[in-house]
Amino acid sequence: LKNTGTGAASGAMLTDTLPAETDFAYWVDQPAGANVAADEINWTGNVAANATISATFAVTHTGSYGEW
């Protein structure tokens with residue numbers, strides 16, 4: 001999430017629902033204000049002017065024979 005503006009973005013929100021075939025595994029880089037519940041990633045917070053917020057996480061997927 002990047003704020004390319006000249007002023008801070010307060011109360012910014014980001015939500016990412018993971019595909020049904022995957023499950024949240026763990027955080028690699030968890031920004032303050034980020035959490036996960038029921039395989040939905042949520043972040044709420046402020047983004048300073050010309051700043052970037054990164055969230056990196058791993059998911060698992062258990063496939064079946066012949067699945068692509």
(request) Verify, without hydrogens or angle tests, whether His61 (side chain) and Glu21 (backbone) share a donor-acceptor contact under 3.5 angstrom. (result) yes

(request) Starting at CG of Leu1, measure out to CG of Leu14 and round the result to the nearest 0.5 Å. (result) 6.0 Å

Identify all side-chain donor-acceptor contacts of residues 47-57 below 3.5 Å with residues at least two apart in sequence or on another chain.
none

Please tabulate, for the side chains in residues 26-40, all donor-acceptor contacts under 3.5 angstrom to protein atoms that are two or more places apart in sequence or on a different chain.
from: Gln30; atom 1: NE2; to: Ala34; atom 2: O; distance (Å): 2.8
from: Asp39; atom 1: OD1; to: Phe24; atom 2: N; distance (Å): 3.0
from: Glu40; atom 1: OE1; to: Thr17; atom 2: OG1; distance (Å): 3.2
from: Glu40; atom 1: OE2; to: Asn42; atom 2: ND2; distance (Å): 3.4

(message) Using the side chain to side chain contact (heavy atoms under 4.5 Å, CB included) definition, which of the options Val59, Thr62, Thr60 pairs with Asp23?
(response) Thr60

